[in-house]
2 protein chains.
Amino acid sequence: MEATLDNLKSILAASNYKLTAQRKIILQILIDNRGEHLSAEEVYNIVKTEDPGIGLATVYRTLELFCELGIIQQLTFDENCRRYELETGEEHHHHLVCSKCGKVIEFNDEVLEEFESELEKKYSFKVTEHKIKFYGYCEDCQ
Amino acid sequence: MEATLDNLKSILAASNYKLTAQRKIILQILIDNRGEHLSAEEVYNIVKTEDPGIGLATVYRTLELFCELGIIQQLTFDENCRRYELETGEEHHHHLVCSKCGKVIEFNDEVLEEFESELEKKYSFKVTEHKIKFYGYCEDCQ
DNA sequence: TAAATATTGATAGCCATTATCAATATACTA
DNA sequence: TAGTATATTGATAATGGCTATCAATATTTA
Ligand SMILES: [Mn+2]
Ligand SMILES: [Mn+2]
Ligand SMILES: [Zn+2]
Ligand SMILES: [Zn+2]
């Protein structure tokens with residue numbers, strides 16, 4: 001189920017977390033920027049326009065918490081910078097990242113699910129997570 | 001073509017780099033540890049047993065250079081620790097990483113190559129590189 | 001309302017990796 | 001072979017994203 005401002009309180013309460021103004025603001029920002037893949041620093045800069053008093057540590061903590069709760073997922077296009085996006089509840093997707101302009105194209109998971117099943121059988125390995133990224137040049141940058 | 005101690009000099013010279021004792025030692029260590037996925041720190045610890053005078057910065061620099069030259073490739077099973085392995089010149093492979101015992105299983109690329117071609121057509125995207133990892137539990141750890 | 005508990009902001013600390021720079025080694029030339 | 005240009009090295013300081021700490025504050029529950 002996708003997180004909204006309305007169900008955030010119950011999502012938090014289910015794990016004994018409290019609903020705070022900071023958490024609401026950060027979720028709102030993630031929702032407003034659906035389709036983007038924001039870093040903690042970027043979220044922080046947006047947050048400050050709404051509540052200049054908020055701390056950077058709170059942004060990091062909140063993003064980590066939202067990951068733990070399945071509200072968002074963490075991405076790493078470029079090491080030394082973690083990015084985040086809303087977990088939609090729909091099917092997974094992965095990313096094509098343009099090495100020149102930075103554009104990110106999303107594609108769905110279907111074919112990979114099949115491949116994953118084959119791997120599981122072949123190696124008696126129980127897959128819990130996969131991280132897949134393609135790098136190259138987008139149509140405009142070739 | 002796979003790098004050896006014999007062709008290292010010409011590989012380096014082709015890009016105006018010099019052959020040094022440190023570079024030879026580090027390549028030898030990577031060859032001796034084929035199949036492992038060593039971090040810079042781990043390479044450094046092995047290096048020191050052969051030449052205690054070698055600097056950590058040199059290990060980092062050399063691994064970076066070897067990547068640039070295609071002698072090795074960089075891996076990231078766990079962020080905040082880059083790992084390296086010899087580029088064999090044979091077909092690519094990717095990794096299943098056990099979240100419990102850390103075991104790494106390698107699998108080949110074939111199916112993914114196909115999938116990649118489809119993506120390129122569908123999105124007019126020229127893929128130059130892909131990073132793919134599966135996480136989960138190996139046979140012994142399930 | 002009060003008590004228990006979770007959360008916050010400020011800031012110090014962490015740590016893998018990079019940058020700096022003077023000293024040294026390599027490769028090329030005469 | 002000696003000399004020169006250039007690349008490389010080791011030591012170490014710096015970087016930067018992220019995490020830990022902690023007293024003050026907010027939220028929840030009774
Ligand atoms: Mn996405
Ligand atoms: Mn491997
Ligand atoms: Zn582009
Ligand atoms: Zn295992």
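So you know, we letter chains A, B, ... as the sequences are listed, proteins then strands, and number each from 1.
- When heavy atoms are screened at a 4.0 angstrom cut-off, A/R82 is found touching the sugar-phosphate backbone but no base atom.
- Scanning all heavy atoms of the two residues, the minimum distance from B/Q142 to A/S124 falls at NE2-O, 2.7 Å.
- Across B/A40 and B/V59, no two heavy atoms sit closer than the pair O-CG1, 3.6 Å.
- Summarising the geometry, the separation between OH on A/Y44 and P on D/dG17 is reported as 13 Å, rounded to the nearest angstrom.
- Looking at heavy atoms from C-beta onward, A/L86 lies out of side-chain contact with A/N33 at the 4.5 angstrom threshold.
- Look at NZ on A/K9: it is 13 Å from C1' on D/dA26, rounded to the nearest Å.
- What separates CG of A/N16 from P of D/dT29 is a distance of 9 Å, to the nearest Å.
- Taking atom CD on A/E42 and atom C1' on D/dG17, their separation rounds to 13 Å, with Å as the unit.
- Side chain of A/Y135 to backbone of A/F77: a donor-acceptor contact under 3.5 angstrom is found.
- When heavy atoms are screened at a 4.0 angstrom cut-off, A/L56 is found touching no nucleic acid atom at all.
- Counting heavy atoms from C-beta on, the side chains of A/L96 and A/F107 come closer than 4.5 Å.
- Of the residues near DNA chain D, B/K18 and B/R61, the one whose nearest nucleotide (by heavy atom distance) lies more toward the 5' end is B/K18.
- The nearest whole Å value for the distance from the OH atom in B/Y60 to the P atom in D/dA14 is 19 Å.
- We find that CG of A/N80 is positioned 17 Å from C1' of D/dT19, with the value rounded to whole Å.
- Nucleic acid contact for B/Q22: sugar-phosphate only, since backbone atoms but no base atoms lie under 4.0 Å from a heavy atom of the residue.
- Place B/S39 and A/L65 on DNA chain C by their nearest nucleotides, and A/L65 ends up nearer the 5' end.
- Below 30°, between 30° and 60°, or above 60°: for B/H130 and A/F134 the angle between ring planes is above 60°, a perpendicular geometry.
- B/H37 and B/H93 have perpendicular rings, their planes meeting at more than 60° on a 0 to 90° scale where under 30° would count as parallel.
- When DNA chain C is scanned in the 5' to 3' direction for atoms under 4.0 Å from non-hydrogen atoms of chain B, the outermost contacting nucleotides are C/dA16 to C/dA27.
- Regarding A/D78, its CG atom lies at a distance of 10 Å from the P atom of D/dC18, rounded to whole Å.
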